[in-house]
Each structure stands twice: as C-alpha cells, then as structure tokens.
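Computed over heavy atoms, backbone and side chain alike; hydrogens, waters and symmetry mates excluded. Since the model is a prediction, treat every value here as computed from it, not as a measurement.
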Amino acid sequence: MEKPVKTYKFRFSPMMIAVFCIGIVLCAVCFALTSWQFVEFVIGVRGDISSVWEWIKYILLYFVSVFLSLLLIAMLIRSRYIITERRLITQFGIIFSKYEIKKIRSVCLVSGTKKLNVYFDDFKSRFITIVVKEEWYDDFIKTLTSINEKIEFDFTDPENNDRKKKK
C-alpha cells in the first residue's frame with residue numbers, strides 16, 4: 001500500500017448523516033426483533049426447534065443486520081479521499097476507487113454546488129466529484145498540482161455559464 005501524502009475527510013450533508021443514522025437504528029431494531037423471535041423459537045413458543053430452515057433464517061437475519069450496520073458505520077466513519085504519490089483514492093467504508101494522478105486533466109470548482117469536479121484524460125466526459133470542506137479546496141488542489149503540474153484549475157458559474165481557467 002502506498003503512503004498517503006494527504007488525506008481529506010468526505011463531507012456528508014446533514015440529510016445523508018440522518019439517513020445513515022436511521023439505517024443504523026433500523027439494523028439495531030432488526031437485531032432486537034430477531035433476538036426476541038429467536039428466544040421464543042428456542043423456548044418452543046414459535047416454530048419447531050428441529051427445523052433446519054428456522055435456524056438458517058435466524059442466522060441469516062443476524063448476519064444481515066450486523067453486516068449492514070457495520071457497513072453503514074464504516075461508510076460514516078471511513079469515507080475519505082487519499083492522495084498518494086501516484087494515485088487519488090476515494091474510500092467509502094470498504095469500497096475503494098483508485099485514479100492515476102497523471103491522468104487528471106483538470107479540477108473545476110462548480111460555484112453553484114460548491115463541489116470540485118476532477119476531470120480525466122482518458123474520456124472527455126469522465127469525472128468524479130470531490131466533496132470536502134470548502135476550506136480544504138485550495139489545499140486539495142495544491143496537493144494534486146504538486147504531484148502533477150499539468151493539472152489545470154478552473155471554476156464555473158452555472159448561472160452565467162462563465163468558465164475561467166487558472167494554471
């Protein structure tokens with residue numbers, strides 16, 4: 001694994017944080033309901049204790065609720081952008097995407113959305129959107145351009161369709 005030059009935490013909107021929290025709470029509720037039904041199953045109130053399908057059902061319900069809650073927690077805690085000497089890595093929990101910094105053509109600040117778009121050489125329309133704190137934009141761009149000096153920076157105003165470039 002390459003050593004990170006700089007790491008930037010993903011900035012979730014309050015709505016997305018609420019969605020993650022609701023998902024985690026629903027997983028906890030699923031776990032609790034499964035436990036309650038499992039106790040009833042074991043003491044003989046619900047179902048036949050010798051049924052293999054019942055045992056598989058409870059194992060799967062426990063597995064799914066634990067797996068989904070861990071996935072949501074990981075996405076909430078470990079979502080970030082990592083810049084190494086050669087790559088820009090996006091990490092969302094356990095999901096990684098890697099992009100070669102030498103293939104980055106330009107970085108564009110879209111003022112209407114207040115997000116950075118990173119455009120690549122390999123396809124004209126291929127880009128990723130970077131969502132970090134606004135205070136980190138300059139540092140993020142400087143870090144990228146220190147590794148690849150050919151990266152251009154521009155910003156757009158979607159209302160006026162103005163596009164201004166800086167090198």
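Between Leu88 and Phe140, some side-chain heavy-atom pair lies under the 4.5 Å cut-off. Annotation: side chain of Ile141 is not in contact with side chain of Leu109 (no heavy-atom distance under 4.5 Å). Within the 4.5 Å cutoff, the side chain of Phe41 has no heavy atoms near those of the Lys57 side chain. Considering only heavy atoms from C-beta on, Ile151 comes within 4.5 Å of Ile101 through its side chain.
In this structure, Leu68 is not a member of the same hydrophobic cluster as Ile22, with clusters built from ILVMFWY side-chain heavy atoms closer than 4.5 Å. No chain of hydrophobic side-chain contacts below 4.5 Å, direct or via other Ile, Leu, Val, Met, Phe, Trp or Tyr residues, connects Leu33 to Val39. Hydrophobic clustering keeps Ile59 apart from Val64 (ILVMFWY residues linked when any side-chain heavy atoms are closer than 4.5 Å, directly or through intermediates). Val42 and Leu61 fall into different hydrophobic clusters, where Ile, Leu, Val, Met, Phe, Trp and Tyr side chains are chained together by heavy-atom contacts under 4.5 Å. Tracing side-chain contacts under 4.5 Å through hydrophobic residues (I, L, V, M, F, W, Y), one reaches Phe10 starting from Ile17; they form part of the same cluster.
The aromatic ring centroids of Phe31 and Tyr62 lie less than 6.0 Å from each other.
To the nearest 0.5 Å, atom CZ of residue Arg87 and atom OH of residue Tyr99 are 12.5 Å apart. To the nearest 0.5 angstrom, Thr84 atom OG1 is 8.0 Å from Glu100 atom CD. For the atom pair Ile82 CD1 and Lys98 NZ, the distance stands at 9.0 Å (nearest 0.5 Å). The CD1 atom of Ile128 lies 8.5 Å from the CZ atom of Arg126; values are rounded to the nearest 0.5 Å. The structure places CG of Leu144 at 5.0 Å from CD1 of Ile104, a figure rounded to the nearest 0.5 Å. If you take OH on Tyr119 and CD on Glu152, they are separated by 12.5 Å, rounding to the nearest 0.5 Å.
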Using residues 89-97 as the side-chain source, report each donor-acceptor pair under 3.5 Å to any protein atom, sequence neighbours left out, with the distance given to one decimal.
{"unit_1": "Gln91", "atom_1": "OE1", "unit_2": "Arg80", "atom_2": "NE", "d": "2.6"}
{"unit_1": "Gln91", "atom_1": "OE1", "unit_2": "Arg80", "atom_2": "NH2", "d": "3.1"}
{"unit_1": "Gln91", "atom_1": "NE2", "unit_2": "Gly93", "atom_2": "O", "d": "3.2"}

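Sorted by first and then second residue, the pairs that involve residues 6-29 and meet salt bridge (Lys or Arg N to Asp or Glu O under 4.0 Å), not counting sequence neighbours, are Lys6-Asp139.
Here the shortest heavy-atom pairing between Thr34 and Cys30 reads OG1-O, 2.7 Å.
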Tell me, with the steps shown, if Tyr137 and Val107 meet side chain to side chain contact (heavy atoms under 4.5 Å, CB included).
-> CA-CA 10 Å; Tyr137 287 169; Val107 178; over 6 Å; no

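The aromatic rings of Trp55 and Phe38 stand perpendicular to each other, their planes meeting at an angle above 60°, with 30° marking the opposite boundary.
Each of Thr129, Ile130, Val110 was compared with Leu116 under the side-chain contact (heavy atoms from CB on, under 4.5 Å) criterion, and only Ile130 meets it. Screening Leu72, Leu70, Val19 for a side-chain contact (heavy atoms from CB on, under 4.5 Å) involving Ile24 leaves a single residue, Leu72.
Checked by atom type and distance alone, the side chain of Tyr81 pairs as donor or acceptor with a backbone atom of Val131 at under 3.5 Å.
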